[in-house]
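Below is one structure, written out as structure tokens; the observations come after it.
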Protein chains: 2
Amino acid sequence: MKLPESLEWALHCTTALAQVPGETVSTAQLAEHFDLPTAYLSKQLALLVRAGVLSGTTGPRGGFRLARPTSEITVLDIVEAIDGAGNPYLCREIRQQGRGALPASQCRERCTIATTMDRAHQAWRDSLRSMTVADLIGDLPASIPERTRRLLSRG
Amino acid sequence: MKLPESLEWALHCTTALAQVPGETVSTAQLAEHFDLPTAYLSKQLALLVRAGVLSGTTGPRGGFRLARPTSEITVLDIVEAIDGAGNPYLCREIRQQGRGALPASQCRERCTIATTMDRAHQAWRDSLRSMTVADLIGDLPASIPERTRRLLSRG
DNA sequence: GGAAGTTTACTCGGATAGGTCATGTCCGAGTTGCATTGG
DNA sequence: CCAATGCAACTCGGACATGACCTATCCGAGTAAACTTCC
């Protein structure tokens, strides 16, 4: 199991945008700010737009900004925008295959194993949902957002 | 993020072995029981042996059995035997890269984002650790283990 | 000076390629129980 | 009848092929602001 590296990009880009309220920041700016491949980062930002986390505007002075207030964007929103919302464990019902296959009458309820994996995934999601972007930047010393604002605003 | 399909094999094979206490079951038997590729399944069972979940014996009438009582094998043990114990989110410290790189003095503590992802992973692990193989087979109607015993014991 | 047309800067989407890892197969080495053989 | 030897079944480990997905790059289409031009 592995989360895409681009998830880290998405999380940091979103928190960076949260530190520049009102402003609109382009892909190239964000790519330079974190030293990331511009074209591929663009794809990930598009995923965030598609998920309703960011909103993108075209044209000159265009770019991205948060689509919602920071307190209404959870870390889970970002994670599932990039990686998808599916359960990493996929039950293929092998209990119904092979020599030991159970009859369908015994399989009306969900397999105990799948239920266990589902519960764990829900615990993971709940933990991520309890953290918002506002929480993420709330702990930072005031000097950081100030510096980010200076570096990302185009005057 | 995706867990290997072979994890389902490992979970079902372990619970199957738990239903046949004392007996030793070969890879070929398990593969036939669930209709799985024998050679590749062998690799996964080897991982479970390496993790101390199963113990394998060579020679005729050899095969696998549980290395510990069912109540002392957690689902987490099996999952991490197959998939590894690492956090799926890997922090690469991009906050220290690019134009917006933070000075090392600001990065002595772990990044808030990484901490959040760590906590979620721990919640996931805790959930899986709270479930043992004994719990998994405890809920089954008595007819199932009986059937499994009949199918997997070689008389 | 103002309106229309042109240029520029940027996002969006698709096409494509390489790398990594899970999946799957095959084969040889080593080990152990069983059968056979010889005393 | 017993011990020693050979055979068979099985696990273990490595080598190798395939496919899916993440990473990465490039290019064209579309859009909106800014700039230029012309009346």
Side-chain angles (χ1 to χ4, degrees), chain A residues 1-10 13 17 23-32 34-65 67 79 81-84 86 88-90 92 94 152 154-155, chain B residues 1-10 13 17 23-32 34-65 67 79-84 86 88-90 92 94 97 152 154-155:
Chain A
M1 188 167 47
K2 200 168 66 85
L3 283 163
E5 185 180 344
S6 56
L7 173 59
E8 186 182 4
W9 310 354
C13 284
L17 287 172
E23 293 265 349
T24 158
V25 183
S26 72
T27 305
Q29 280 181 293
L30 289 169
E32 194 190 4
F34 291 115
D35 188 26
L36 304 175
T38 309
Y40 189 43
L41 174 62
S42 168
K43 277 188 159 12
Q44 313 306 321
L45 296 175
L47 288 176
L48 291 171
V49 170
R50 189 192 182 95
V53 173
L54 303 185
S55 75
T57 57
T58 59
R61 324 265 315 166
F64 296 94
R65 75 190 67 186
V79 170
I82 300 297
D83 192 54
Y89 179 81
L90 193 61
R92 298 178 202 237
I94 68 171
L152 284 184
R154 38 192 173 184
Chain B
M1 187 167 48
K2 200 170 64 85
L3 283 163
E5 185 179 345
S6 55
L7 173 60
E8 185 181 5
W9 310 353
C13 284
L17 287 172
E23 293 266 350
T24 159
V25 184
S26 72
T27 305
Q29 279 182 295
L30 288 169
E32 193 189 5
F34 291 116
D35 189 26
L36 304 175
T38 310
Y40 189 42
L41 175 62
S42 169
K43 278 188 158 12
Q44 314 304 323
L45 296 175
L47 289 176
L48 291 172
V49 171
R50 189 193 184 97
V53 173
L54 303 185
S55 75
T57 57
T58 58
R61 323 263 319 164
F64 297 94
R65 75 190 66 187
V79 171
E80 296 198 330
I82 300 298
D83 192 54
Y89 179 81
L90 193 61
R92 298 179 203 237
I94 68 171
Q97 293 175 4
L152 285 183
R154 38 192 172 182

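So that the names make sense, note that chain A is the first sequence line, chain B the second, and so on, each numbered from 1.
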Check Leu54(B), Leu45(B), Leu152(B) against Val25(B) for a side-chain contact (heavy atoms from CB on, under 4.5 Å) and give me the one that passes.
-> Leu152(B)
Round to a whole Å and report the spacing from [atom1] of [X] to [atom2] of [N].
| X | N | atom1 | atom2 | result |
| --- | --- | --- | --- | --- |
| Leu41(A) | dC22(D) | CG | C1' | 15 Å |
| Asp35(A) | dT23(D) | CG | P | 16 Å |
| Arg61(A) | dA34(D) | CZ | P | 7 Å |
| Phe64(A) | dT31(D) | CZ | C1' | 14 Å |
| Glu5(A) | dG18(C) | CD | P | 20 Å |
| Met1(A) | dA20(D) | CE | P | 22 Å |
| Leu90(B) | dC22(D) | CG | P | 16 Å |
| Leu45(A) | dC12(C) | CG | P | 8 Å |

Looking at [options], which one has an atom nearest to any side-chain atom of [X]?
| X | options | value |
| --- | --- | --- |
| Ser26(B) | dA32(D), dC10(D), dC12(C) | dC10(D) |
| Pro37(B) | dT11(C), dT25(C), dA24(D) | dT25(C) |
| Ala39(B) | dC12(C), dC26(C), dA9(D) | dC26(C) |
| Trp9(B) | dC10(D), dG24(C), dC12(D) | dG24(C) |
| Pro4(B) | dA24(D), dA32(D), dT23(C) | dT23(C) |
| Tyr40(B) | dT25(C), dA9(C), dC12(D) | dT25(C) |

On DNA chain C, check which nucleotide each of Pro60(A) and Ser42(A) is closest to and give me the residue with the more 5' one.
-> Pro60(A)
Please tell me which of Thr38(B) and Lys2(A) maps to the more 5' nucleotide of DNA chain C, matching each residue to the nucleotide holding its nearest heavy atom.
-> Lys2(A)
Compare every heavy atom of [Y] with every heavy atom of [X], then report the nearest pair and how far apart it is.
| X | Y | value |
| --- | --- | --- |
| Ala81(A) | Ala51(A) | CB-CB, 3.4 Å |
| Leu41(A) | Cys13(A) | CD1-SG, 4.0 Å |
| Gln97(B) | Arg92(B) | NE2-O, 4.0 Å |
| Glu8(B) | Leu90(A) | OE1-O, 3.7 Å |
| Gly56(A) | Val49(A) | N-CG2, 4.1 Å |

Ignoring backbone atoms, establish whether Thr57(A) has a side-chain N or O less than 4.0 Å from OP1 or OP2 of dA32(D).
-> no
By nearest-heavy-atom nucleotide on DNA chain D, the more 5' of Gln44(A) and Thr58(A) is Gln44(A)
Position toward the 5' end of DNA chain D (nearest nucleotide), Gly59(B) or Asp83(A) = Gly59(B)
With a non-hydrogen cut-off below 4.0 angstrom, is Thr27(B) in contact with a base, only sugar-phosphate, or nothing?
-> sugar-phosphate
So what does Lys43(B) touch, heavy atoms closer than 4.0 Å: a base, only the sugar-phosphate, or nothing?
-> base
